[in-house]
Visitor: 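Supplied in structure tokens, the structure appears directly below.
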Protein chains: 2
Amino acid sequence: MIPFKSRDKSKKRAAILNGAIDVFINMGYELASMDKIAETAGVSKRTVYNHFGSKENLFQAIVNDFLAQRQSLKTITYDPEKSLEEQLIAFANAEIFLIDSPRRVQISKFLTMVFLKDTAYAKATVAKYPPVYDMLLAWLKEAEKDGKIITDNLLLTARVFYALVEGAITYPALFSGGINKSAVEPMLEEIIATFVAKYGNDKNTVEI
Amino acid sequence: MIPFKSRDKSKKRAAILNGAIDVFINMGYELASMDKIAETAGVSKRTVYNHFGSKENLFQAIVNDFLAQRQSLKTITYDPEKSLEEQLIAFANAEIFLIDSPRRVQISKFLTMVFLKDTAYAKATVAKYPPVYDMLLAWLKEAEKDGKIITDNLLLTARVFYALVEGAITYPALFSGGINKSAVEPMLEEIIATFVAKYGNDKNTVEI
DNA sequence: AGTTATTTATACTATACAGTATAAATAATA
DNA sequence: TATTATTTATACTGTATAGTATAAATAACT
């Protein structure tokens, strides 16, 4: 039977997703019971199943919603008029966005746990979204052509950049439960300066 | 009743720990059943309980055994005769040790998951062991005094170093399930070079 | 060989949870 | 107001698992 006319279910759907995120975060996937999720969402258990069918599906919906956000971040293209630092900070901020609100850092933490538990699933899931490295690689290529970046291995260089951002900011935020701007900003400057010290074409010094 | 004489239980204990690690790694803490652990260890379930009392205790024993290994790594002191690179690689290798065998990378991965799930527990547990940063901080202080390192913030500098090592090597190893020397070595050189480019006192260049 | 610490096999208890069933209640639309 | 898509409350099924009980078996030490 095709419903005569379907009504707006988005409110309940959002409430369920929100409650589920809370419970997943606080209990972990295994210990998050569908009863608890329904209660937290202020919804009957049957409604949860009507919307998502299974715990697994509910989880997938959360993951997809979250990763879709990342996808929608605007692209960054090389601009010879702007300083390297300014442009690199834009790349870093695209990562920092993922841990930039209490909610997002919770979800990132949960996702990291799940991805660590099943790295094959992690790989398959992340593969559905545009690779983060590619945008930086394209940027680096342009910057190198413009003589502002010096490297003999673009991929290694990109990996060093993300190592700095993730190692200094993202992962610490997951463990500390969040970031505070006043602590992140000096660190962000420091890692950008570190990157530029290695790969920037500093025309103001010369070998003696 | 005090036992007349206790016998050597270390063999069974080791078998249980080993089996438990296998099961924890493959199923995660929650889904690792004590029946499965006993079976994997080749031991009766009652013996598991005789040795460890509870699943929680068994888990704690694994964590403590693993972290105790790290503690036993030898200290690294500043040596003015050696190059910065050579000495920094020793620091990096102390980290790489933790992901340097298939077994250790599995345990590190599992521990990272558990620590992410309960960061308060993580903090308390890690606090029981010597802080990793302290040794590098002492080294940096000496290197700075010796004029080989230039920085106005030792702590930030240490954090950049570990960000590079963890972001470029440790975390990627957790997700990829291990490291292969031929891929790690170029990356290790690259991050050491990056660190030195920023903080090394390069007397061979001068501002013009 | 005899003592006894340790281990084993089997069965059991109590609890929790994913998912289903059913019938009644609610609320949006016509 | 009548229709019906959606939601709710309650109870249920089947399965899984942490931990315990008990008595028999094993093996290290004297």
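Predicted model only: the values in this text are computed from it and were never measured. In what follows, chains are A, B, ... by sequence order, proteins preceding strands, each numbered from 1. In what follows, every heavy atom counts, from backbone to side chain, and hydrogens, waters and symmetry copies are set aside.
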Visitor: Salt bridge (charged side-chain N to carboxylate O under 4.0 Å, His left out): which pairs involve residues 111-121 of chain B, sequence neighbours left out?
Guide: B/Glu30-B/Lys117
Visitor: Rounded to whole angstrom units, what separation is found between the NZ atom of B/Lys11 and the C1' atom of D/dA28?
Guide: 13 Å
Visitor: Which pairs with one or both residues in residues 91-104 of chain A pass salt bridge (charged side-chain N to carboxylate O under 4.0 Å, His left out), sequence neighbours excluded?
Guide: A/Asp22-A/Arg103, A/Arg70-A/Glu95
Visitor: I need a per-nucleotide contact map over nucleotides 7-20 of chain C, read 5' to 3'. Cutoff is protein heavy atoms under 4.0 Å; write B for the base, S for backbone only, - otherwise.
Guide: BB--------SSBB
Visitor: Please give, in whole Å, the distance from D/dG19 P to B/Phe52 CZ?
Guide: 14 Å
Visitor: For A/Phe91 and A/Phe161, take the angle between the two ring planes, folded into 0 to 90°, and tell me which bin it lands in: parallel under 30, tilted 30 to 60, perpendicular over 60.
Guide: perpendicular
Visitor: Out of the candidates B/Phe110, B/Phe59, B/Tyr121, B/Phe115, only one should pair with B/Tyr29 under the ring-ring contact (aromatic ring centres under 6.0 Å, His included) rule; please name it.
Guide: B/Phe59
Visitor: Go through the side-chain N and O atoms of A/Ser10 and A/Asp8 and say whether any donor and acceptor fall under 3.5 Å apart.
Guide: yes
